[in-house]
Amino acid sequence: MSAPAPTVRTRFAPSPTGSMHIGGMRTALFNWLHARHHREHGAGGTFVLRVDDTDRARNLDEALGPILDAFRWLGLDWDEGPEVGGPHGPYFQSERTEIYATALDKLLAAGLAYKDFDSRERVAADRDAAQKAGTPYVTVRRSLELSDTERERLEADGTPFVVRFLVPRGETVAIDDAVRDRVEWDTSLLPDPVIARQDGSVLYNFATTVDDAAMAITDVIRAEEHLSNTPVQVLLARALGHEPPRYAHIPFVTAPGTTKKLSKRDIGKYRNNPVFKKMFERADEIFPQIGLDVTDAVSPVMVAYYESIGYRPAAVINALGRLGWSLDDKTEIFSLGDLVRDFTLDRVVKNPAGLDPDKLFNFQSHWMNETPRDEKVSLCGAFLEKAKIAFDADFLGRLIDAMGDRLKLAADILDVAYFFADEIEYDPKAFKKRVAKAGVPEHLRAFTDERLASLADADWTPARLEAELTSFSEAAEKSPGLLIHALRVATTGAAVGPGVYDCLDLVGREKSLARVDAALANAADA
RNA sequence: GGCCCCUUCGUCUAGUCAGGUCCAGGACAUCGGAUUUUCAGUCCGAGAACAGGGGUUCGAAUCCCCUAGGGGUCACCA
């Protein structure tokens, strides 16, 4: 008889920094997916959100809010954590100082950690010397050589000290990583990590280990840059009397077109990244219209960018899910539900994956097309409202229908905002090329007078308009393109947009005819 | 520099654990064609990769060894 499949508990522990990094979101997604997969297709799974706020953020709401918003936007809920609580709280590290202090005392009392009185400078000098000599640096442990009386005197004098974990030398620590298989380290090469500062506050490696054990985390899924922290955490967990969790070190996300970790530090550089450039430029066009500043917090490195510019959460989920993971040799489209069903750690790849804005955009096309009409209307409507453009919902619906697949981002609706304006402005270049061109005004005049003017309101439909235009062009032995272009520019002012017959329909018979007259008068003046 | 990780088309990846069906499959991007002419979309097509070298084997992208390259990490940050 095999043991029952264990239930799974995963966690994600963001620092409240005021914005959610897209790479961090990918790590969070994998944790969430692993837990949900086991809940629905295994013995159970729980996803925990824990807040790493040891830095004591000045304003927690401001710093944590956007992060929780990103989770909510993508539809990733958490079973335990902020707002929802849970049996393993508190879920803010700033509220767990007692727990850390107790664990620290336990290690100290057992002789598994020690007070180190060496100054920062002295330790740095040791490290430099080792570096220079090309030998591995390990802690010199001078404080362990101290006699009891010496130590007592130092403490009585109030000499500052840090607490270091005493790494057992001469051992091999190994993990069976879910994505990297077996990884081993020689503990003789590991420095004794500081686990508590002079002020008594504990450090990341220690807090995480204590919390993961206290919260019964079974699977630690994190980016591979944490791989080198792992031996210390394994040793620490054992010293504390716990069995270490299973680890899965997933590849980190690289900046588009590079092999370097996508980092919020480099946002400035990314503006010039040829692959990222388009995304920045689109933001430059859109954000000013909706009263948003293009800041680091809404750059393409952050989840907020995608929401702000009108991506579908499903598109972002799909792209993130495929970053370092695949099901097989052909499936590309995954809903969140599909991912919950199909996601397993053993299909995570080992090598870093670059975020590809083009591919993300392609997923967006797909998921925008899957979006019901009503939802598109409300999404686009929200953009129009932010841009302070008055609109009629029915008309917006018709416009969205006419745009069809052309509507990729919800913000694209702003590109055709001229449909909501009473007055149009001609794109001067397009006007010259399409309307004020030899032979065109006469042709357009004739078509309008002979075919359009006499059309009844009820016959002013895309199908009828197309039939008229086609047959007129045929009779005149001219390319339909001439009228198509001329009419579009004359009635909307723009060179691009929905199909021209839809444009005429949207603008309406009366207004279209008036605009053709105005355009022709304009062309005559030119 | 020490330790650790990684290496298939430009990119994301399938195939590697169980060597032959892989002169390497899919997707995005690119280019070309069609839809007899906006833009877009759709359809069709093209080019494009096993880092290098040695082994093992009848046979290697797949196993072994070496080399090279890339990356991560070496804080009283997380």
Side-chain angles (χ1 to χ4, degrees), chain A residues 13-15 17 24 52-55 93 116 119-120 123-124 127 130-138 160-164 177 179-181 183-186 189-191 193-205 207-208 222-231 249 251-252 254 256-261 275 319 322-333 346-347 349-363 365 369 403-408 412 415 430 433-434 473 479-489 494-500 503:
Chain A
S15 294
T17 55
D52 264 350
D53 60 343
T54 45
D55 280 351
Q93 289 194 323
D116 182 6
S119 69
R120 222 187 268 249
V123 173
R127 200 176 1 244
Q131 172 104 256
K132 210 166 280 175
T135 55
Y137 163 72
V138 288
F161 62 86
V162 296
V163 178
R164 287 185 189 273
D177 194 278
V179 345
R180 269 149 232 286
D181 300 322
V183 185
E184 299 181 340
W185 293 266
D186 176 354
L189 268 20
L190 265 25
V194 173
I195 55 178
R197 301 180 179 91
Q198 288 180 359
D199 68 4
S201 62
V202 298
L203 260 23
Y204 164 79
N205 262 333
T208 323
R222 45 157 53 156
E224 66 174 298
E225 66 254 34
H226 288 280
L227 197 49
S228 50
N229 284 325
T230 309
H249 287 94
F252 53 74
T254 68
T258 74
T259 52
K260 297 223 168 62
K261 199 171 76 169
V275 195
R322 282 285 287 100
L323 217 52
W325 176 86
S326 70
L327 174 64
D328 55 26
D329 60 344
K330 46 179 71 71
T331 316
E332 296 286 343
I333 298 298
D346 61 349
R347 292 208 56 86
V349 302
K350 298 180 199 312
N351 45 316
L355 179 71
D356 182 351
D358 285 329
K359 192 142 185 168
L360 172 53
F361 193 73
N362 188 268
F363 284 127
S365 298
N369 278 145
M403 288 181 80
D405 292 342
R406 271 169 281 246
L407 184 77
K408 302 288 189 191
D412 289 346
D415 293 343
K433 186 173 169 198
R434 301 304 194 185
S473 297
S479 160
L482 285 177
L483 286 175
I484 288 175
H485 290 118
L487 274 170
R488 167 196 300 290
V489 176
V496 297
V500 71
C503 285

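Throughout, a chain's letter reflects where its sequence line sits, starting with A, and its residues are numbered from 1. Computed from a prediction, not measured in an experiment: that's the story for all the values here.
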rC4(B) phosphate, OP1 or OP2, under 4.0 Å from Arg180(A) side-chain N/O: no
Length of the line joining Asn229(A):CG and rA78(B):P, which is rounded to integer Å: 11 Å
Integer-rounded Å distance: rA14(B) C1' and Trp325(A) CH2: 13 Å
Could you please name the option among [options] that lies closest to any side-chain atom of [X]?
X         : options                   : value
Arg127(A) : rU38(B), rC3(B), rC76(B)  : rC76(B)
Val162(A) : rC76(B), rG1(B), rG25(B)  : rC76(B)
Trp185(A) : rG1(B), rC76(B), rC3(B)   : rC3(B)
Arg322(A) : rC4(B), rU38(B), rC12(B)  : rC12(B)
Pro480(A) : rC3(B), rC77(B), rU37(B)  : rU37(B)
Ser15(A)  : rA78(B), rU38(B), rG25(B) : rA78(B)
Asn351(A) : rU38(B), rC76(B), rC6(B)  : rC6(B)

Partner lookup for [N], please. Criteria are Watson-Crick or G-U wobble with both distances under 3.5 angstrom; report none if nothing qualifies.
N       : result
rU35(B) : rG41(B)
rA61(B) : none
rC3(B)  : rG72(B)

Using atom names, set out every protein N or O paired with an N or O of nucleotides 20-24 of chain B below 3.5 Å, distance rounded to 0.1 Å.
none

5′-ward residue of the pair Ala495(A)/Val183(A) relative to RNA chain B: Val183(A)
Least distance between heavy atoms, Pro251(A) atom then Lys350(A) atom: CB-O, 3.7 Å
Atom of Leu323(A), atom of Gly354(A) and distance for their closest heavy-atom approach: CD1-O, 3.5 Å
Any side-chain donor near an acceptor of the partner, Arg222(A) and Thr230(A), under 3.5 Å: yes
Distance-only donor-acceptor check, side chains Ser365(A) and Asn362(A), under 3.5 Å: no
Suppose you measure atom [atom1] in [N] against the same atom in [M]; what distance do you get, rounded to whole Å?
N       : M       : atom1 : result
rA61(B) : rG19(B) : C1'   : 10 Å
rA78(B) : rA40(B) : C1'   : 45 Å
rC63(B) : rG15(B) : C1'   : 16 Å
rC50(B) : rU37(B) : C1'   : 44 Å
rU62(B) : rG55(B) : P     : 15 Å
rA49(B) : rG25(B) : P     : 11 Å
rU16(B) : rG53(B) : P     : 23 Å
rG52(B) : rG2(B)  : P     : 26 Å

Per-nucleotide protein contact string for nucleotides 27-36 of chain B, where B marks a base within reach and S marks sugar-phosphate only (heavy atoms under 4.0 Å, - for neither): BSS-------
Donor-acceptor under 3.5 Å (Asp177(A) side chain, His249(A) main chain): yes
Heavy-atom donor-acceptor pair, Ser15(A) side chain to Thr17(A) backbone, under 3.5 Å: no
Table of protein N/O atoms under 3.5 Å from nucleotides 67-72 of chain B N/O atoms:
from    : atom 1 : to        : atom 2 : distance (Å)
rG70(B) : O2'    : Thr259(A) : OG1    : 3.4
rG71(B) : OP1    : Lys260(A) : NZ     : 2.9

Non-neighbouring partners of Asp412(A) that pass side-chain hydrogen bond (donor to acceptor under 3.5 Å, both in side chains), sequence neighbours left out: Arg282(A)
Show the distances under 3.5 angstrom between N or O atoms of the protein and N or O atoms of nucleotides 42-46 of chain B.
none

Test side-chain hydrogen bond (donor to acceptor under 3.5 Å, both in side chains) applied to Asp52(A) and Gln93(A), step by step: CA-CA 5 Å; Asp52(A) 264 350; Gln93(A) 289 194 323; 2.8 Å; yes
Protein-nucleic acid N or O pairs under 3.5 Å, nucleotides 15-18 of chain B:
from    : atom 1 : to        : atom 2 : distance (Å)
rG15(B) : OP1    : Arg347(A) : NH1    : 3.1
rG15(B) : OP1    : Arg347(A) : NH2    : 3.3

